[in-house]
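The figures that follow rest on heavy atoms only: side chains count, while hydrogens, waters and symmetry mates do not.
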Amino acid sequence: MSKRQKGRRHRRVNRTPRPVGLSRPNAVRPEPRPEARPEPRAVVTASERRPAPAPGLGRHEARTWDGLCAFGPGGASVDDLCASVGYQARTILKHVSGLEDHGLAERRGDRWYARHETEGALAGR
């Protein structure tokens with residue numbers, strides 16, 4: 001053996017193989033429990049499903065838009081969106097500025113408001 005390469009002797013872990021089969025030969029295996037079936041999912045029809053706000057939005061930006069829509073006509077500040085959506089302020093600012101470019105949000109003062117005329121805004125693009 002060379003000086004650089006250690007042999008297998010230095011390994012103390014797993015030097016002896018595990019026995020195959022049950023570790024205790026007289027042990028009784030527990031009966032497998034039947035899996036609890038989850039309740040069936042509610043079927044959402046196409047008319048109830050809200051379309052994506054714009055095809056160019058990612059899921060994180062869409063989540064910010066949903067958070068902005070949840071605040072309603074009162075609008076939301078960046079801090080409000082941070083608390084409700086869970087992103088940092090810098091990320092929220094990036095998302096709402098992108099939403100503004102898509103015509104889905106507008107800024108008045110220090111508050112952001114969701115624009116629900118998405119059909120008209122997207123038709124012009």
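With rounding to the nearest 0.5 angstrom, the CD1 atom of Ile92 is 8.5 Å from the CZ atom of Arg63. Glu61 CD to Lys94 NZ: the interatomic distance, rounded to the nearest 0.5 Å, is 8.5 Å. Here Leu99 contributes atom CG and Trp112 contributes atom CH2; the two are 8.5 Å apart, rounded to the nearest 0.5 Å.
Partners of Glu106 by side chain to side chain contact (heavy atoms under 4.5 Å, CB included), not counting sequence neighbours, listed by chain and number: Arg108, Tyr113, Arg115. Take Ala70 and apply the side chain to side chain contact (heavy atoms under 4.5 Å, CB included) test, not counting sequence neighbours, and it matches no residue. Partners of Phe71 by ring-ring contact (aromatic ring centres under 6.0 Å, His included), not counting sequence neighbours: none found. The side chain to side chain contact (heavy atoms under 4.5 Å, CB included) search around Arg90 returns none, not counting sequence neighbours.
Side chain of Arg107 to main chain of Gly109: a donor-acceptor pair is present (N/O by atom type, distance under 3.5 Å, no hydrogens or angles).
Residues Val96 and Ala105 share a closest heavy-atom pair of O-CB, 4.4 Å. Residues Leu81 and Ala76 come closest through the heavy atom pair CG-CB, 4.0 Å.
Side-chain atoms of His95 and Tyr87 form no donor-acceptor pair, as typed in the model, at a separation below 3.5 Å.
Here the side chains of Leu104 and Leu57 are in contact, with some heavy-atom distance below 4.5 Å.
Applying the salt bridge (Lys or Arg N to Asp or Glu O under 4.0 Å) test to residues at least two apart or on different chains, the pairs with a partner in residues 71-83 are Asp80-Arg111.
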